[in-house]
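Presented below is the structure to which this report refers.
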Amino acid sequence: MPELPEVETIRLQLKKYLIGHRMSDVELRYSKKFEGNSKNIIGGKVTEVKRFGKALVIDLDNHYSMVIHIKLTGQLIYRGPNLKNPNTLSEKVKDGLEGKHTHIIFHLDKSGKLYFNDVRKFGWIKIVKSEELKVKSDFLRKLGPEPLIDEDNPPENILTKEKFTAVVRSTTIPIKVLLMDQRKMAGIGNIYANDALWLAKIDPRRKSSSLKTKEIDNLFQAIGCVLKKGIEKGGASELSFVTPDGSEGEYQNHTLAYDKEGEICTRCNKGKFKKIKLSGRGTYFCPVCQK
DNA sequence: CACTTGACCTGTCCGC
DNA sequence: TGCGGACAGGTCAAGT
């Protein structure tokens, strides 16, 4: 669910809504997954919202930043003056904006609020000095290069076709498992890994090092293609993903292979999508046209 | 090092 | 209807 396209969708909205707001108070209702001193961000004004893989970074003008990872079921929802349209609220926000799954409320100036909800409590938020982001966050430090050109990362941190080729040739683990390894490349999770492999006509179980140059090229293209489509559709609201304005994404209606067990493959019209487990994760593929 | 499994959580769905 | 169990997917720690 929340993979690169979902987190990017959140980032784009948070940028619109949060920049310029000043943090007036942090209400910690469940603090087990909150690290750092919340007082350090009070008074700071939001200057930028960035994304690194599946993590978000909110920069404040007082030299502190918040690193946020929403994992599977985290939600960041904004209410306040920058919301132009009527305030929609998806029913995926289980108990409403201030229900039992609301763990943190960031109170902003001008009556703004940013809610952090998370049914499964896997998501985390960490406060660090902006200049120490990469030092203090293990997650950010170990993160691999970004598969899409983006403004937050310097060119040397972009996953080029050459880098991708080198990574794929470096290991024998199944190609799907490699795609989802955040240290090798950032942002790809289960949905987009399944879809990219289908698009590139590659069997997810293949040993990475067994891919031919042409297959690697196709897969590299396919990754860019599915991630961009995910962003275009506003992410996939399969489980609990909602955007900061409280609405849902559309990609779940456009998946290529993910969650299609038993359906006939739309490309070859022969294969029936199979579901297997690969490294513990649900894996979907067409046994006829994915070689 | 390579690779898999379990833990972290809770809601949902399926079968009996 | 109720209950137990499997399942969902992101990441890290621990195990083989």
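Labels below follow one simple rule: chain letters A, B, ... track the order of the sequence lines, proteins then strands, and each chain is numbered from 1.
As rounded to whole Å, 15 Å separates atom P of dG10(C) from atom CG of Leu56(A). For Glu261(A) and dC7(C), the CD to P distance is 11 Å, given to the nearest whole Å. Atom P of nucleotide dC12(C) and atom CG of Leu140(A) are separated by 10 Å, given to the nearest angstrom. The distance between atom OH of Tyr30(A) and atom P of dC8(B), rounded to the nearest whole Å, is 11 Å. As a whole-Å value, the separation of Glu35(A) CD from dC12(C) P is 12 Å. Whole-Å rounding puts the Lys71(A) NZ to dA8(C) C1' distance at 15 Å. Distance NZ (Lys33(A)) to P (dG10(C)): 15 Å, rounded to an integer number of Å. Between the P atom of dC12(C) and the CZ atom of Arg183(A) lies a distance of 8 Å, rounded to the nearest Å.
Applying the salt bridge (charged side-chain N to carboxylate O under 4.0 Å, His left out) test to pairs two or more places apart or on separate chains, those with a residue in residues 98-113 of chain A are Arg29(A)-Glu98(A), Glu98(A)-Lys113(A). Every pair passing ring pair (Phe, Tyr, Trp, His ring centres under 6.0 Å) that includes a residue from residues 153-181 of chain A is listed here, sequence neighbours excluded: Phe164(A)-Phe220(A). Pairs engaging residues 22-74 of chain A under the ring pair (Phe, Tyr, Trp, His ring centres under 6.0 Å) rule: Tyr30(A)-His103(A), His69(A)-Trp124(A), His69(A)-Phe139(A) [sequence neighbours left out]. Residue pairs satisfying the salt bridge (charged side-chain N to carboxylate O under 4.0 Å, His left out) criterion with at least one member in residues 160-173 of chain A, sequence neighbours excluded, are listed as follows: Lys161(A)-Asp217(A).
Here the side chains of Thr102(A) and Leu97(A) are not in contact, with every heavy-atom distance at 4.5 Å or above.
Residues meeting the salt bridge (Lys or Arg N to Asp or Glu O under 4.0 Å) test with Asp203(A), sequence neighbours left out: Arg205(A). Applying the ring-ring contact (aromatic ring centres under 6.0 Å, His included) test to Tyr115(A) and every residue at least two apart in sequence or in another chain returns nothing. When the ring-ring contact (aromatic ring centres under 6.0 Å, His included) test is applied to Tyr17(A), the partners found at least two apart in sequence or on another chain are Tyr78(A). Under the ring-ring contact (aromatic ring centres under 6.0 Å, His included) criterion, His101(A) pairs with no residue, sequence neighbours left out.
Side-chain polar atoms of Asp118(A) and Thr73(A) form a donor-acceptor pair below 3.5 angstrom. Between the side chains of Asn190(A) and Lys176(A), at least one donor N or O lies within less than 3.5 Å of an accepting N or O.
No more than 12 heavy atoms of other residues, nucleotides or ligands shown are found within 6.0 angstrom of CD on Gln221(A).
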Please write out the pairs of protein N or O atoms and N or O atoms of nucleotides 2-4 of chain B separated by less than 3.5 Å, giving the distance to one decimal.
{"residue": "dC3(B)", "atom": "OP1", "partner": "Thr172(A)", "partner atom": "OG1", "Å": "2.3"}
{"residue": "dC3(B)", "atom": "OP2", "partner": "Thr171(A)", "partner atom": "OG1", "Å": "3.3"}
{"residue": "dC3(B)", "atom": "OP2", "partner": "Ile173(A)", "partner atom": "N", "Å": "3.3"}

Identify the pairs formed between an N or O of the protein and an N or O of nucleotides 10-12 of chain B at a distance under 3.5 Å, and give each distance.
{"residue": "dT10(B)", "atom": "OP1", "partner": "Lys121(A)", "partner atom": "NZ", "Å": "2.9"}
{"residue": "dG11(B)", "atom": "OP1", "partner": "Lys100(A)", "partner atom": "NZ", "Å": "3.3"}
{"residue": "dG11(B)", "atom": "OP1", "partner": "His101(A)", "partner atom": "NE2", "Å": "3.4"}
{"residue": "dT12(B)", "atom": "OP1", "partner": "Lys94(A)", "partner atom": "NZ", "Å": "3.2"}

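Where pairing requires Watson-Crick or G-U contacts shorter than 3.5 Å, the helical stems of DNA chain B with at least three consecutive pairs are B:2-8 with C:10-16, B:10-16 with C:2-8.
Among the protein residues, Gly189(A) comes within range of the sugar-phosphate backbone only, with heavy atoms under 4.0 Å from sugar or phosphate atoms but none that close to a base.
Near-neighbour residues of DNA chain B inside residues 200-212 of chain A, defined by a heavy atom below 4.0 Å, are absent.
Scanning all heavy atoms of the two residues, the minimum distance from Pro5(A) to Gly230(A) falls at CB-C, 3.6 Å.
For Tyr258(A) and Tyr284(A), the ring centers are positioned less than 6.0 Å apart.
Position along DNA chain C of the nearest nucleotide to Lys277(A) versus Trp124(A) favours Lys277(A) as the more 5'-ward residue.
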